[in-house]
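Here's the structure, in structure tokens; my notes come after.
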Amino acid sequence: MRTQQVYFLFSLLLITITSAAGGLTPAKSQPLPGGYTPINNISDPHVIEVARFAVEEHNKQDDAHLLKFLRILKGWSQVVAGINYRLIIAAKPINCNGKVYHYEAIVYERPWQHFMNLTSFELIK
């Protein structure tokens, strides 16, 4: 009987400590410090401005494959010494009415300096 009481008290103590500490694993909804966090409102005018900038810069860099921006499908942001935007963009070639392609664009912005730079623009296969 005494052994059962010890096990019960030990289990109760363990449950109390685990609950007070918030569990054994970190909450999954909390982003990693310095990591990308989802953009909740991809319809925000500024986020759309960043996406359009990405397509315009791509068009300047690769005038043989000009694209028309259609919409943002997903997005994440990362606070660094400015903001990195990682956007999944739907776009289609300007010279045809055909297929819509998806691209991953990374844009670095320093809003206080009105500065944006296209870091990466890749077709998602």
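- Nearest heavy atoms, Tyr101 versus Leu123: CB-CD1, 3.8 Å.
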Apply the test side-chain contact (heavy atoms from CB on, under 4.5 Å) to residues Ser77 and Thr37: give CA-CA distance (whole Å), side-chain angles for both, the deciding distance (0.1 Å), then the verdict. CA-CA 5 Å; Ser77 64; Thr37 57; 3.8 Å; yes

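- In the hydrophobic cluster analysis, where Ile, Leu, Val, Met, Phe, Trp and Tyr join through side-chain heavy atoms closer than 4.5 angstrom, Leu118 is grouped together with Tyr103.
- A single hydrophobic cluster is seen to contain both Ile39 and Ile72, as judged by linkage of ILVMFWY side chains at heavy-atom distances under 4.5 Å, directly or through other members.
- If you take OG on Ser120 and CG on Asn117, they are separated by 11.0 Å, rounding to the nearest 0.5 Å.
- In the model, His46 has a side-chain atom that pairs as donor or acceptor with a side-chain atom of Glu109 under 3.5 Å.
- Both Phe115 and Val80 belong to a single network of hydrophobic side chains, linked directly or stepwise wherever heavy atoms of I, L, V, M, F, W or Y lie under 4.5 Å apart.
- Between Ile42 and Gly75, the shortest heavy-atom distance links the atoms CG2-N, 4.0 Å.
- Every pair passing salt bridge (Lys or Arg N to Asp or Glu O under 4.0 Å) that includes a residue from residues 76-86 is listed here, sequence neighbours excluded: Arg86-Glu104.
- When the side chains of ILVMFWY residues are joined at heavy-atom separations under 4.5 Å, either directly or via intervening members, Phe53 and Ile48 end up in a single hydrophobic cluster.
- When every heavy atom of Val100 is checked against every heavy atom of Ala90, the shortest pair comes out as CG1-CB, 3.9 Å.
- In this structure, the side chain of Tyr108 engages the main chain of Ala81 through a donor-acceptor pair within 3.5 Å.
- Atoms CD and CD1, from Glu122 and Ile106 in turn, are 8.5 Å apart once rounded to the nearest 0.5 Å.
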Run the side-chain contact (heavy atoms from CB on, under 4.5 Å) test on Ile124 and Ile88 for me, step by step, so that the C-alpha distance in whole Å, both residues' side-chain angles and the decisive distance to 0.1 Å come before the verdict. CA-CA 9 Å; Ile124 298 173; Ile88 306 301; 3.7 Å; yes

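- In terms of heavy atoms, Met116 sits closest to Val50 at SD-CG2, 4.0 Å.
- Within 6.0 Å of CZ in Arg71 there are 12 or fewer heavy atoms belonging to other residues, nucleotides or ligands.
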Ile89 and His102: CA distance, side-chain angles, deciding distance, side-chain contact (heavy atoms from CB on, under 4.5 Å) verdict: CA-CA 6 Å; Ile89 296 171; His102 297 167; over 6 Å; no

Steps toward side-chain contact (heavy atoms from CB on, under 4.5 Å) verdict (Leu87, Phe121): CA-CA 10 Å; Leu87 304 172; Phe121 195 91; over 6 Å; no

Anything under 3.5 Å between a donor and an acceptor, one on a side chain of residues 63-70, the other on a protein residue two or more places apart or in another chain? List them.
residue, atom, partner, partner atom, Å
His65, ND1, Asp62, OD1, 3.2
His65, ND1, Asp62, OD2, 3.1

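- Here the straight-line distance linking atom CD of Glu56 with atom CZ of Arg52 works out to 8.0 Å at 0.5 Å rounding.
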